[in-house]
Amino acid sequence: MTSLSEKRFHDEDAAREHIEASRWSNGVVCPLCSGTNIRRMEGKTQAGMFLCNECRGKFTCRTGTVMERSHVPLHKWLLAIHLMASSKKGISAHQLMRNLDLGSYRTAWFLAHRIREAMRDDSHKITGGLGGNGKVVEVDEAYIGGKAKNRAFREPAPKKAVLTLVEREGRAASFHVASVTAKEVRPLIVTNANRASAMMTDESVIYPKIGAEFRSHYTVNHSANEYVRLGSFIHTNTGECPGLC
C-alpha cells in the first residue's frame with residue numbers, strides 16, 4: 001500500500017493538496033492582495049485554481065513561488081525538491097532528468113536552478129550581515145573546476161571564481177564572481193558582512209581598501225607560507241574549508 005507521503009510524489013492531485021496544506025495551513029490567502037475572501041473554482045480546466053473575491057484575481061498554489069509559470073507537474077517539483085534537499089553530496093541535473101523521467105536536460109537544469117534559488121539563505125542580511133561587534137568575518141576566494149590531467153579527451157572548462165565569507169563559528173555565504181577584482185568583490189562583502197566586524201583576508205591587493213571600511217582588517221601572507229599569527233587569532237583557515245564553497 002502506498003503511503004500518503006509517497007503518494008504526493010506520484011499523484012498530481014495529492015501533490016497539489018500537499019502544497020496547499022503546507023502553504024495555507026490556516027486558510028487560503030490571496031498572494032496578489034493578501035485577501036482572505038477566497039473561492040475555489042470548479043471544473044476540469046480550472047482544477048486547483050482559486051478566485052479572490054476582493055481583488056478578483058485568479059491564482060493557484062504555484063503563484064508567487066519558484067513553480068509559477070512552469071509546465072512541470074507538481075509531483076515532479078516535489079520529488080525534485082526532496083532529492084535535492086536529501087542528497088548529501090548534491091545531485092546533478094542529469095541525474096534529476098533520469099530519476100524524474102523528464103523530457104530534456106534543459107527542464108532538469110531549470111528545476112535545479114529554481115530550487116537552489118529558493119533555498120538561498122539571506123537571513124544574515126536581516127541581522128545586519130555576517131559577523132558584528134566583537135566578531136570575525138573571514139573572506140577568501142577559490143577557483144572551482146577540474147584538472148586537465150583528469151580529463152581523458154578534452155580540456156576542462158575554465159575554472160570559476162567563488163568568493164566565500166565566513167562568520168567565525170557561525171554562518172557562511174558563497175558567491176560566484178566573474179573575476180576576483182575589488183570592483184566585483186566589494187559589493188558582495190559590504191552587503192553581506194557587518195562592518196563592525198574584524199575582517200580577515202590573505203595578502204591580495206584587492207582587500208586593503210575594502211578592509212578599511214570595517215572595524216579592523218588583518219591579513220596573513222600565504223605567499224610567504226604564513227597561515228596563522230597572533231596566537232591563532234589571525235587566519236583564513238575557516239574560509240578555506242572546501243565544504244563552504
Side-chain angles (χ1 to χ4, degrees), residues 1-26 28-29 31 47-50 59-126 130 142-147 150-152 154 156-167 170-177 188 192 239 241-245:
M1 182 179 293
T2 304
S3 67
L4 182 61
S5 60
E6 292 175 330
K7 188 178 180 183
R8 69 173 184 262
F9 292 141
H10 304 282
D11 183 273
E12 189 68 1
D13 290 333
R16 175 173 51 77
E17 291 169 6
H18 171 76
I19 295 172
E20 290 175 0
S22 299
R23 185 175 184 184
W24 298 304
S25 57
N26 296 317
V28 180
V29 177
M49 188 169 288
F50 297 91
F59 62 92
T60 69
C61 61
R62 294 177 184 256
T63 306
T65 73
V66 292
M67 299 178 285
E68 187 172 4
R69 302 181 67 85
S70 163
H71 297 291
V72 179
L74 290 174
H75 68 274
K76 293 196 175 184
W77 270 103
L78 284 181
L79 186 53
I81 293 169
H82 171 74
L83 290 171
M84 292 188 68
S86 61
S87 300
K88 290 184 178 180
K89 296 184 178 180
I91 185 169
S92 68
H94 273 296
Q95 190 172 345
L96 277 180
M97 181 178 69
R98 293 191 296 270
N99 290 356
L100 275 62
D101 193 25
L102 298 173
S104 68
Y105 172 74
R106 184 170 64 178
T107 301
W109 187 90
F110 166 83
L111 279 173
H113 273 262
R114 284 253 177 142
I115 293 169
R116 289 192 183 102
E117 181 63 26
M119 295 169 70
R120 182 191 296 274
D121 182 8
D122 287 331
S123 60
H124 58 275
K125 291 186 177 181
I126 300 174
L130 299 171
Y143 293 86
I144 309 299
K147 295 181 179 179
N150 294 332
R151 298 301 293 263
R154 60 187 177 89
K159 292 190 175 185
K160 306 298 182 182
V162 175
L163 179 76
T164 296
L165 285 69
V166 184
E167 177 185 287
R171 299 161 295 177
S174 295
F175 310 90
H176 168 252
V177 290
L188 294 173
N192 287 279
C241 173
L244 294 172
C245 295

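Computed over heavy atoms, backbone and side chain alike; hydrogens, waters and symmetry mates excluded. Only a predicted model underlies this, so the values are computations on that prediction, with no experimental measurement involved.
For Ala108 against Ala93, the heavy-atom pair with the smallest separation is CB-O, 3.1 Å. Taking all atoms of both residues into account, the shortest heavy-atom contact from Val162 to Ser174 is CG1-CB, 4.1 Å. Among all heavy-atom pairs drawn from Gly48 and Arg16, the shortest one is CA-CD, 3.5 Å. The nearest pair of heavy atoms linking Cys61 to Glu20 is CB-CG, 3.9 Å. Looking at every heavy atom in both residues, Val66 comes nearest to Trp77 through O-CH2, 3.5 Å. Scanning both residues, Asp11 and His75, for their nearest heavy atoms gives O-CB, 4.1 Å.
Atom CZ of residue Arg69 and atom OG1 of residue Thr63 lie 10.5 Å apart, to the nearest 0.5 angstrom. From Ser86, atom OG reaches atom CD1 of Ile91 across 7.5 Å, with rounding to the nearest 0.5 Å. Here CG of Asp122 is found 7.0 Å from CG of Asn192. Values are rounded to the nearest 0.5 Å. Atom OG1 of Thr60 and atom CD of Glu68 lie 7.5 Å apart (nearest 0.5 Å). Considering NE2 of His18 and CG of Asp13, their distance stands at 14.5 Å, rounded to 0.5 Å. Atom CD of Glu12 is separated from atom CG of Leu74 by 4.5 Å, given to the nearest 0.5 angstrom.
Residues satisfying the side-chain hydrogen bond (donor to acceptor under 3.5 Å, both in side chains) criterion with Thr65, sequence neighbours excluded, are absent altogether. Taking the side-chain hydrogen bond (donor to acceptor under 3.5 Å, both in side chains) definition, one finds that Ser104 meets it with Thr107, sequence neighbours left out.
Residues Val72 and Leu100 are not in side-chain contact: their nearest non-hydrogen atoms beyond the backbone lie 4.5 Å or more apart. In this structure, the side chains of Met84 and Leu96 come closer than 4.5 Å at one or more pairs of heavy atoms. Two residues are said to be in side-chain contact when any heavy atoms from C-beta on lie closer than 4.5 Å; Ile19 and Met67 meet this criterion. Considering only heavy atoms from C-beta on, Glu117 stays 4.5 Å or farther from Arg114 through its side chain.
The number of heavy-atom neighbours closer than 6.0 Å to CZ of Arg106, taken from other residues, nucleotides and ligands shown, is 12 or below. Within a 6.0 Å radius of CH2 in Trp24, more than 12 heavy atoms belonging to other residues, nucleotides or ligands are found.
Checking side-chain atoms of Lys76 against main-chain N and O of Asp101 turns up a donor-acceptor pair under 3.5 Å.
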